[in-house]
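Numbered from 1 within each chain, the chains take letters A, B, ... in sequence-line order.
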Protein chains: 4
Amino acid sequence: MHTVHEVMEMSGHIIDSWTLPKAWDTIMDRGGNFDVEEIQVGATKDDTSYVRIKVEAPNDEVLEQIISQLQQLGAVLLHADDVHVTKVEQDGVLPDKFYSTTNLPTQVRLNGQWVTVENIEMDVAIAIDREHTRAYCRPMHDVRIGEEVVVGHDGIRVQPYARARGHDDFAFMQSDVSSEKVKVRAIHNIARQMKEVRAHQGKILFVLGPAVIHTGAGRYVAELIRMGYIQVIFGGNAIITHDVESALFGTSLGVNLESGEQVVGGHRNHLRAINTVRGIGSIEKTIQSGLLREGITYEAHQHNIPMVLAGSIRDDGPMPGVISDMQQAQARMREEVHGVEMSIIVASMLHAIATGNILPAHVRTVVVDINQSVVTKLADRGSFQAAGLVTDVELFLRELVDFLRKEQ
Amino acid sequence: MHTVHEVMEMSGHIIDSWTLPKAWDTIMDRGGNFDVEEIQVGATKDDTSYVRIKVEAPNDEVLEQIISQLQQLGAVLLHADDVHVTKVEQDGVLPDKFYSTTNLPTQVRLNGQWVTVENIEMDVAIAIDREHTRAYCRPMHDVRIGEEVVVGHDGIRVQPYARARGHDDFAFMQSDVSSEKVKVRAIHNIARQMKEVRAHQGKILFVLGPAVIHTGAGRYVAELIRMGYIQVIFGGNAIITHDVESALFGTSLGVNLESGEQVVGGHRNHLRAINTVRGIGSIEKTIQSGLLREGITYEAHQHNIPMVLAGSIRDDGPMPGVISDMQQAQARMREEVHGVEMSIIVASMLHAIATGNILPAHVRTVVVDINQSVVTKLADRGSFQAAGLVTDVELFLRELVDFLRKEQ
Amino acid sequence: MHTVHEVMEMSGHIIDSWTLPKAWDTIMDRGGNFDVEEIQVGATKDDTSYVRIKVEAPNDEVLEQIISQLQQLGAVLLHADDVHVTKVEQDGVLPDKFYSTTNLPTQVRLNGQWVTVENIEMDVAIAIDREHTRAYCRPMHDVRIGEEVVVGHDGIRVQPYARARGHDDFAFMQSDVSSEKVKVRAIHNIARQMKEVRAHQGKILFVLGPAVIHTGAGRYVAELIRMGYIQVIFGGNAIITHDVESALFGTSLGVNLESGEQVVGGHRNHLRAINTVRGIGSIEKTIQSGLLREGITYEAHQHNIPMVLAGSIRDDGPMPGVISDMQQAQARMREEVHGVEMSIIVASMLHAIATGNILPAHVRTVVVDINQSVVTKLADRGSFQAAGLVTDVELFLRELVDFLRKEQ
Amino acid sequence: MHTVHEVMEMSGHIIDSWTLPKAWDTIMDRGGNFDVEEIQVGATKDDTSYVRIKVEAPNDEVLEQIISQLQQLGAVLLHADDVHVTKVEQDGVLPDKFYSTTNLPTQVRLNGQWVTVENIEMDVAIAIDREHTRAYCRPMHDVRIGEEVVVGHDGIRVQPYARARGHDDFAFMQSDVSSEKVKVRAIHNIARQMKEVRAHQGKILFVLGPAVIHTGAGRYVAELIRMGYIQVIFGGNAIITHDVESALFGTSLGVNLESGEQVVGGHRNHLRAINTVRGIGSIEKTIQSGLLREGITYEAHQHNIPMVLAGSIRDDGPMPGVISDMQQAQARMREEVHGVEMSIIVASMLHAIATGNILPAHVRTVVVDINQSVVTKLADRGSFQAAGLVTDVELFLRELVDFLRKEQ
């Protein structure tokens, strides 16, 4: 049988971190085969290992698939060329064989030199700026005619995700999303990491779903803003409208947050909140007018915390400030994601996925939801840096604030 | 104590359909009180009843809330004026006391004459066209300066939802969303109702989530289109992209639909599908080019079935044809909802809620999902015409097609 | 058409509490018909109403079904005889037409006198002791030859469950089991009710599932025992074994409760805990030996709190004290349920249902679980006194203890 | 630092099957260290590998834990003695250091000879019969004074579970329990495996939960019995009672299985079904009397299929034939599990776990439930041979029967 092949190298903690068995699995699962040309196994857990394998496949397509996956595990082609590029010929359309990114740290070889891809995120293309020897991520709809975009697999190096040891606090949570685990300790760990991130001025992103307000936990988020633990907020029309409704009328979707009673016919206060701000013209003016005096939106405005609010097809209104065009909203999210070191996703599904799509792998992400399937779904989307916490959102935020206050 | 009051009338099957006890509950729960001025109870189940009650409340605000809710139960103010209106003074902003609709059949009194509100949907305003003696629904962001919009509660009549008897097949399903019920029979009922709707040329709307493709059930939807059982499709970027990916490459998010194996690195085929169509320019041209030859999108195009595809913040691409602006997308959905008599919502959450928001109450709606909380959530949103079916989406569609085929 | 009929009376808040419309629904849903012979509707919410209706049915069987259901709504046959009885002819077997109880307060007429049925619980028979003019509940397997058991529907009066107004704190929770509600306030309400019950020496029952220990919340339950807020505990082999394992080894199913790490191969400590107590002979002796010094089991023993532990088919061991025979275990639960005024069911499914089966309707029951379907399932089983709280079990117990401590 | 150590060997597909990296992980996670004394890596996927490692730990306890876990991965102590044993000194109590089994094929060394442990199941002890050179599993409560029970880790060899390749149909399902997968194909695979098992007279076990009857799917199970695809049934009081209720009255918990309507007050028919059979004396006599003429129980009796029905604390009745004592019930299950090669668990949680506890790892097990958390929970309990299918139970059984019928 005629086969094609390439030789690849891997090094580092490739056995300890299960990288090597994953690589062999990949090759065999795809219908390829391999020869171990050289292997040096580290004798203790501190030593690194090295392997050089010849990867065989029945045809070019399979070989390419295998190489693509091995690259995500950190394998590098032995005789790597410079990265290959093709010019974009149509706005918003990528060349056929475009390289699709992971959210892992990635380098491309330009003129024999390894250059780090800027603003890495997953499922986008890499554009090359030869003049300045730079490379950066480009979503499909953003590419313009004449741009050089990476194709194929040559000259690409991905730094695989190092599996954390069991003793790492974050790892503890990552291992499992079960609701039957000690949660108080996990919450305290999250709080400590937030303090650590803030100690060196790192940014913390909160992605908020409307249940944060329904459960009366908006006050805790407002407090976190005042305490300096939130630098960016992502959300949608619902969270801001519920928040403003609760600040103006004390209700969320018509339910009184103090008494738990439905105070008026369904949706009325919700619409009134939107209509009031639309009448005044903007959230800023509503605050200046003295009408909006508390809540997440108010605190965010007072502390210059950007809120990127992306609309959705189910929205009423929308509330001024909510971005109706999805490409614009994504662009705004991409802008604000710079410098984020930790992200905490609370009771959100839609905006959580959108955020997961653009976060680099190194951002420590915590997904908190009472529904296990939401937590699992987010963790399954390739956002492998995400730790899940299946718990009550209101009690989570209450405990988080409590602990951070005591520590101060 | 000083109180305010109004006298209201209710008639029809108000006891049998629990309308009267609900009304009394409402009054008391809101802190009001009532006197039954006259009551005539029908002696048998076929007789109707009549009641005239004096509603008291501690102040105008509470009275207004009570009246607002009683109107939704079909109560009419005894000394009803013509409907009151206020002119819009700012584009996209409603007058303060705007009347917020339900999705129930609604009439307003213009010059002493009851006029039916056109295109009724919930949580929007009613605009008046005096010249042509017409009234129609208007979402907040669509109102323009000078339009007359209904305010307060005078001159409004709502036809309450008549609770179906237990013997009604649809009622059977509506009673409960449990997964522990006989489903085959419910599926056959749905099929029969689809036939009935089509027998008089009524339109059937399908709202589709991406799991329809992941589970390999796209073929059944395509077959339903060919059989003439789908007249409109609502969905998002995911459903069309998965559908095209599956038609072009045989995969859905990279998973081979035949073998169940992951054939290439995650998202790659997904992006390629979008990129291919973007390169050609449109779905239409991709079909004309002979490249796209099967699937839901193909069949919809061949049978002139409109697909309204609303974008979302989590989208890749998007696929040409997907509407990125949320107001535009809602407007398109409102256009296509005319004439729909039955809607079947399968494995969708986001687009399901958006659809529920604009459907009138008389449209028979079935929500099918394997996740009970999704079904419950949709049923809880005031879309009280919705029947829930907690079952496997793939097997549901397979059985539906099977039954409809046998009946032909 | 030949029909059969009976005349029944209802009085009280039968409209306000929806009893009357429910009655009419029942009649029609079962295929019967009715004539309202007399109706007096209370004019305000404080007045009671009265209705006398003639119930018609096509045959005796349907009539009996209708009467059976109307009785559960509080209707009484107009020309009521004394209760009818039949002698048991075979141990553990009821007469054919035995009356099956609800968990609502029930009276039977003996010699023209209404006698309250003792130890009411649902789905059992009523035995009559003529000599002492008493009536009491008897599970099927407990009846003995010669006992007189109630049959048919004559001479039976059920006091329907009065639907609480919206302003009642407990009602607030009962209305809905949604996870998207303010929970802190609900927890504080529960705490206040516990104090109230204890203020007059009422008993509080806790039903505990193993997740209480897995999540590290055993310490809060132990504290509640010390504070005097628990008088009875129901559970199974898992809760006691996890509790003892955690007290002896600091793990629960091998997971260290401090660090969250799996410390030994799966189940080993679990089995060792059981084996250790089996070796010593009993929990009591293990405590006396000084080996078991903390935890729920230890505190329960120190405070003379009965723990009824019912085995199940999935058990290892079992731990001494766990009852292996199901009839014996039910009998023990029935004994300890006397005097219970409030029951709190935490993270338990199997024992929760068993408890719900034997609790009278007047016991205020709170079901706490992170899984909405568990809460819904329990509420659906006819235990209509149950309020559901979808929240994190660990954080629930922590907040409960916290609030009760502050209040002291 | 003073350390203790042992040398262990592993061989086979230890890299390909991830056994080696798991072993190294285990050592490090437990706080140990290792030296690779010798390693031979197979160069292609068909070659096996060999490794000899020196395992170090800070103390004997940790070393023992590590060895215990490595044994489950197939590692063998280099200088293995004969197995060590200790005599039982108290009925139902194991010696302190008893070896706790896995459900994997296990051998012990007796007089230098490797002897296979009979009736292997997890979390029990191993008893030795020196006279006949045999070893077999013994649950804790079954051991008797004087029996020799295995302690420590010497002389024990476990055959690790070989991870199936991606191309294996069963592996496809095992990889994931997602509800968003093609299910029809998975069902057909299960059907094919059932045929295969029956082709060589292997036994198929069905574990059935009550939802099988509620959803009207009892008829499909009855048909599977008639077709010869069921050799053993495990379940509880609920499944048999619902089945008999449905055969006698056409209802399940009072819900008519044809019309879906509630025909009588809740539980009445349920209790009548039990009472009827109790009155007659047994299921057998009820069938002989001609009263019970269809359903699962009937067919099982006609085809001599043993039904092991274990009671539970929530039971009414119970139905004659249901075993009230848990130790007896487990003993009966252990008897009937012999020869089972495939087990299909449908809509059951309690009995599913009990079954999982006693099945050897080689039995191909499929867990079918509409609730993903049930499927996940069962898969997580160390029953690693279980494949999960999140789908509708009724439609699953319907499709299964359909496919098997067509194939005949």
Side-chain angles (χ1 to χ4, degrees), chain C residues 29-30 65 68-69 72 89-90 92-96 98 100 102 122-125 139-141 236-237 261-268 270-272 274-276 278-279 310-318 322 324-330 333 349-354 356-357 371 373 382, chain D residues 29-30 65 68-69 72 89-90 92-94 96 98 100 102 122-125 139-141 236-237 261-268 270-272 274-276 278-279 310-318 322 324-330 333 349-357 371 373 382:
Chain C
D29 284 355
R30 293 271 164 269
Q65 288 173 11
S68 166
Q69 287 203 283
Q72 293 179 29
E89 299 182 349
Q90 212 177 338
V93 180
L94 293 168
D96 228 41
F98 72 95
S100 172
T102 66
M122 64 181 168
D123 299 325
V124 294
M140 184 191 293
H141 64 262
N237 189 60
E261 285 168 45
Q262 183 82 21
V263 288
V264 279
H267 241 56
R268 183 109 173 71
H270 184 83
L271 295 174
R272 275 174 71 203
I274 298 172
N275 198 52
T276 300
R278 288 175 76 99
S312 88
I313 187 66
R314 75 191 154 196
D315 292 349
D316 298 293
V322 172
S324 273
D325 182 85
M326 295 300 101
Q327 262 66 52
Q328 283 176 30
Q330 285 186 3
M333 288 171 71
M349 182 88 178
L350 180 61
H351 296 89
I353 293 173
N357 285 347
N371 189 332
S373 67
Chain D
D29 285 354
R30 294 270 164 270
Q65 288 174 10
S68 167
Q69 288 205 283
Q72 294 179 29
E89 298 182 348
Q90 213 177 335
V93 180
L94 293 167
D96 228 42
F98 72 94
S100 172
T102 66
M122 64 181 168
D123 299 325
V124 294
M140 184 190 293
H141 64 261
N237 189 60
E261 285 168 46
Q262 183 82 22
V263 287
V264 278
H267 240 57
R268 183 108 173 72
H270 184 83
L271 296 175
R272 276 174 69 202
I274 298 173
N275 199 51
T276 300
R278 288 175 76 99
S312 88
I313 188 64
R314 75 191 153 195
D315 291 349
D316 298 293
V322 172
S324 274
D325 182 85
M326 295 300 100
Q327 262 66 51
Q328 283 177 29
Q330 285 186 3
M333 288 171 72
M349 181 87 177
L350 180 62
H351 297 89
I353 294 174
T355 305
N357 285 347
N371 188 332
S373 67

Problem set entry | When D:Ala352, D:Ser312, D:Ala329 are compared by non-hydrogen pairs under 4.5 Å with chain C, the top option |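 Looking at each option in turn, the highest pair count goes to D:Ser312.
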Exercise. At a heavy-atom separation under 4.5 Å, does D:Asp96 approach chain C through its side chain, its backbone, both, or neither?
Worked result: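 Backbone of D:Asp96 only, per the 4.5 Å heavy-atom cut-off to chain C.
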Exercise. With chain D, which of C:Pro95, C:Ser100, C:Ala354 has the greatest number of heavy-atom pairs at distances under 4.5 Å?
Worked result: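 Option with the greatest count: C:Ala354.
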Exercise. What option among C:Gly311, C:Gly236, C:Pro139, C:Gly317 has the most heavy-atom pairs under 4.5 Å with chain D?
Worked result: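 When all of C:Gly311, C:Gly236, C:Pro139, C:Gly317 are compared, C:Gly317 has the most.
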Problem set entry | Under 3.5 Å donor-acceptor, D:Arg278 side chain and C:Gly92 backbone |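 Side chain of D:Arg278 to backbone of C:Gly92: a pair is present.
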Problem set entry | Side chain D:Gln330, main chain C:Asp315, donor-acceptor under 3.5 Å |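 Side chain of D:Gln330 to backbone of C:Asp315, a donor-acceptor pair under 3.5 Å: yes, one is there.
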Problem set entry | side chain to side chain donor-acceptor pair (under 3.5 Å) partners for C:Asn275, two or more places apart |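 Counting only residues at least two positions away or on another chain, C:Asn275 forms no side chain to side chain donor-acceptor pair (under 3.5 Å).
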For this session: Could I get the full list of side chain to side chain donor-acceptor pair (under 3.5 Å) partners for D:Thr276, not counting sequence neighbours?
Result: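 So D:Thr276 forms no side chain to side chain donor-acceptor pair (under 3.5 Å) with any residue.
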Atom [atom1] in [X], atom [atom2] in [Y]: separation rounded to 0.5 Å?
X	Y	atom1	atom2	result
D:Ile313	C:Ile313	CD1	CD1	13.5 Å
D:Met326	C:Ser324	CE	OG	7.5 Å
C:Asp316	D:Asn357	CG	CG	6.0 Å
D:Arg314	C:Met349	CZ	CE	7.5 Å

For this session: Grab the two heavy atoms, one from C:Met140 and one from D:Ile274, that are nearest each other, plus how far apart they are.
Result: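 That closest heavy-atom pairing would be SD-CG2, 3.7 Å.
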Exercise. Can the positive tip of D:Arg268 be found less than 6.0 Å from the middle of the six-membered ring of C:Phe98, inside 45° of the ring normal?
Worked result: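 Flagged: D:Arg268 positioned over aromatic ring of C:Phe98.
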